[in-house]
Engineer: 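Below is the structure I would like to discuss, written out as structure tokens.
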Amino acid sequence: MTASIARFGARYTERLFTAGERAYCDADVTRAPERYAARFAAKEATLKAFRPMPHDAVDPRSIEVRQLPEGACDIVLHDGAIALARRSGIVELSLSMSHEQEYATATVVACVAPLGATTRWPGPVNGTESVEETRSTSTSWDA
Amino acid sequence: MRNERIRAIVGEHGRLAVAVSQLNDDASLYQAGLTSHASVNLMLAIEEAFGIEFPERMLRRRTFESIASIDAAVRELTQLDFAA
């Protein structure tokens, strides 16, 4: 992550992260790379929970990690990511991240519900007829 | 020429487990070791080298799957820029 930011600068961070994510990460210059790494891992873990097809196009910024006042983080979906979540039948996402100077990791647990269930994001569930299930994906990254 | 430039960029930024010279144009870069994060670096390097920007519709796994698929994407985007 450190090397990528050094090489590509703002082009890198602006393509992958929302303004809110950048504001939080850049608030501490020393820890910015590990914070970015954790958020990248969170986006990857979320995307994997959607089980995308090779032809699915997803802007990384459509999966946003939001810092909550109490210190925890959650996932906010936008645009194409919402469509993927609805197609997957995912109604809720839970995020856990951990990071240190050299490594970052993120785990996302996705709750899948039957057709017609309400979701945290706009629109009803489109996809599965399966009973409620959970999926858990984890991604770790070098900060 | 374009293919050679793309191969050079893949070699520099792809962090593959094998040398690019060992891969034919249709070989899977993911199977050769391209990770999600390396594909981001690869994308930005390609954009920089060719003066293009991949639109959201091309931000998919399939675009960076092989030398050939990257070449096709670059060809499409550079032709669009030329036509504009």
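These figures come from a predicted structure and were not determined experimentally. Chain A is the first sequence line, chain B the second, and so forth, proteins listed ahead of strands; every chain is numbered from 1.
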Engineer: Let me know if A:P52 has heavy atoms under 4.5 Å from chain B in its side chain, its backbone, both or neither.
Structural biologist: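 Nothing of A:P52, per the 4.5 Å heavy-atom cut-off to chain B.
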Engineer: Should the pair B:E47-A:R15 be classified as a salt bridge under the 4.0 Å nitrogen-to-oxygen rule?
Structural biologist: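 Answer for the salt bridge query: yes.
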Engineer: For chain A, which residues from residues 25-33 of chain B lie under 4.5 Å away (heavy-atom distances)?
Structural biologist: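 Within residues 25-33 of chain B, near chain A: nothing under 4.5 Å.
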Engineer: Could you look at A:L16 and say if it's the side chain, the backbone, both or neither that has a heavy atom under 4.5 Å from chain B?
Structural biologist: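 Just its side chain gets close to chain B.
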Engineer: What pair of heavy atoms forms the shortest contact from A:R11 to B:L44, and how long is it?
Structural biologist: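 Distance-wise, the nearest heavy atoms are NH2-O, 3.0 Å.
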Engineer: Does A:L47 belong to the same Ile/Leu/Val/Met/Phe/Trp/Tyr cluster as A:M53, with side-chain heavy atoms less than 4.5 Å apart forming each link?
Structural biologist: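 Looking at the clustering, A:M53 is in a separate group from A:L47.
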Engineer: Relative to the ring of A:F8, is the ring of B:H13 parallel (under 30°), tilted (30 to 60°) or perpendicular (over 60°)?
Structural biologist: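 Ring orientation, 0 to 90° scale: tilted.
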Engineer: Which residues satisfy the salt bridge (charged side-chain N to carboxylate O under 4.0 Å, His left out) test with B:R60, sequence neighbours excluded?
Structural biologist: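 Salt bridge (charged side-chain N to carboxylate O under 4.0 Å, His left out) list for B:R60, sorted by chain: empty.
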Engineer: Counting only non-hydrogen atoms closer than 4.5 Å, does A:D56 touch chain B with its backbone (N, CA, C, O), its side chain (CB onward), both, or neither?
Structural biologist: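 For A:D56, backbone heavy atoms alone lie under 4.5 Å from chain B.
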Engineer: Taking side-chain hydrogen bond (donor to acceptor under 3.5 Å, both in side chains) as the test, write out the residues that go with B:S69, two or more places apart.
Structural biologist: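 B:S66.
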Engineer: Let's test your reading of the structure: which of B:E48, B:M58, B:E65 forms the most heavy-atom pairs below 4.5 Å with chain A?
Structural biologist: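 With the most close heavy-atom pairs to chain A, the winner is B:E48.
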Engineer: Can you list everything that forms a side-chain hydrogen bond (donor to acceptor under 3.5 Å, both in side chains) with B:R62? Sequence neighbours excluded, please.
Structural biologist: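 B:R62 satisfies side-chain hydrogen bond (donor to acceptor under 3.5 Å, both in side chains) with no other residue.
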Engineer: Are the side chains of B:H37 and A:M1 in contact, using a 4.5 Å heavy-atom criterion?
Structural biologist: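 Touching, per the 4.5 Å side-chain cut-off.
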